[in-house]
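Note that the coordinates shown come from a computational prediction; the quantities given were computed from them, not determined experimentally. Order of listing sets the numbers, starting from 1, for every ligand and every atom in it.
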Amino acid sequence: MTLTHAHPALAPHGAGRFAARPAPRHLLGLEAMDRADLLRILDEAERWREAIDAREPDSRELAGITVCLGFFEASTRTRVSFELAATRLGARVVTFSVGESSTAKGETLLDTVRVLEAMRVDLFVMRHPASGAPGYIAEHLQAGVINAGDGQHEHPTQGLLDLLTLRRVWKGRFEGRRIVLVGDIAHSRVARSAIHGLTTLGAHVTVAGPPTLVPSGIAALGVTVSPALEPALEGADAVMALRLQRERMEQGLLASTGEYAREWGIDARRVRLLHEDGVVLHPGPVNRGVELSPDVVDGERSVIFDQVTNGVAVRCAVLARCARALSEAA
Ligand code: CP
């Protein structure tokens, strides 16, 4: 499908545009998504993955659409894969990061994105250190907003690429599968999106990590909390190690990276506790020798680089979905 530029956001400003549930032109999180919606995106992402693997030529699906990548925090994987995905779909792409934007001169985030919208940006992809920032701007814009990671809230396209990776490994079946998320659960937007997506699709999620980094109410999200790592790993179908954020040590939540690696790091011995087909995931960037030993990162059970490739496919599907919603609303 080709969209003309005489589209979108072209729906008039007005009250009541946003119901309690986010409009489909946005992707703010996986929490509100039902099983059918998740599977629709994964099916579309699977087709994009096949197109990427086949090195098919770029499509024109987003021709006439302008995508703005606004990154107020560092990123390699997410920013580049959104850019690759938007380009693959034929969109016009502009990028700005915090140091280059006028927010550094005191302009509010909302004023900055309104300026960009006035330049006819159709889709904003936003990473921001404040939880809820993409949701906040979504309430004030006619453009679509895609959350590329907000504070400790959600990282929905990471969650979707994790789901796509596991669906491929698990041959399409989430029910009855068991995955362990290990590390800093408390501060991890990756963990939150993964938990929402995996539990909605029927997988069993166990979380494990230093007691200071596992929030007391986490079981309310439908997960099991394991006080120890190794019993949780036994027979599991996957383990996802989360990035250790070194600032946690400064906050007194962890003693040392060495102690963390000993207690919670995934090495070859711990990988052998998994089911014989069990795989190792990590959202990146990896602290080698801390969350994962180097031989595990590069080992045959690692699907970390497959996650990265699936990230491009998922972002193609999400951009196309949001652009279709804009077109339908116009
Ligand atoms: N997984 C992830 O969000 O990586 P980046 O910070 O490199 O985007």
With side chains defined as the heavy atoms from C-beta onward, is the minimum distance between V239 and I266 less than 4.5 Å?
->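 Yes. Closest side-chain heavy atoms under 4.5 Å.
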Are any non-hydrogen side-chain atoms of R114 and I137 less than 4.5 angstrom apart?
->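 When only atoms from C-beta onward are counted, I137 and R114 do not touch, as no gap falls below 4.5 Å.
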Closest non-hydrogen protein atom to [atom], residue and atom name please, with distance?
atom	answer
atom 2 (C) of ligand 1	T78 OG1, 3.6 Å
atom 4 (O) of ligand 1	R77 NE, 3.1 Å
atom 1 (N) of ligand 1	P283 O, 2.9 Å
atom 6 (O) of ligand 1	R127 NH1, 2.9 Å

So between A148, G149, S75, whose heavy atom ends up nearest atom 5 (P) of ligand 1?
->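 Comparing heavy atoms across A148, G149, S75, the nearest one to atom 5 (P) of ligand 1 lies in S75.
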Are G284 and ligand 1 in contact, using a heavy-atom cut-off of under 4.0 Å?
->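 Under 4.0 Å: yes for G284.
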Is it true that R243 and E291 make a salt bridge, defined as a side-chain N closer than 4.0 Å to a carboxylate O?
->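 Between E291 and R243 there is no salt bridge, as every charged N stays at least 4.0 Å from the carboxylate O atoms.
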Contact check: H155 vs ligand 1, nitrogen or oxygen atoms, below 3.5 angstrom |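 Yes, since at least one N or O of H155 sits under 3.5 Å from an N or O of ligand 1.
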Interfacing atoms of ligand 1 (cut-off 4.0 Å, heavy-atom, T76) =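 The list of qualifying atoms is 5 (P), 7 (O), 8 (O).
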Determine whether the side chains of E154 and S193 contain a donor N or O and an acceptor N or O closer than 3.5 Å.
->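 Looking only at side-chain atoms, S193 and E154 do form a donor-acceptor pair, the distance falling under 3.5 Å.
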For F71, is the NZ or CZ atom of R127 found under 6.0 angstrom from the centre of its six-membered ring and inside 45 degrees of the ring axis?
->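 The answer is no, since R127 fails at least one limit relative to F71.
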Considering the options L160, L163, L164, which one meets the side chain to side chain contact (heavy atoms under 4.5 Å, CB included) requirement together with I41?
->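 Exactly one option meets the side chain to side chain contact (heavy atoms under 4.5 Å, CB included) with I41, and it is L160.
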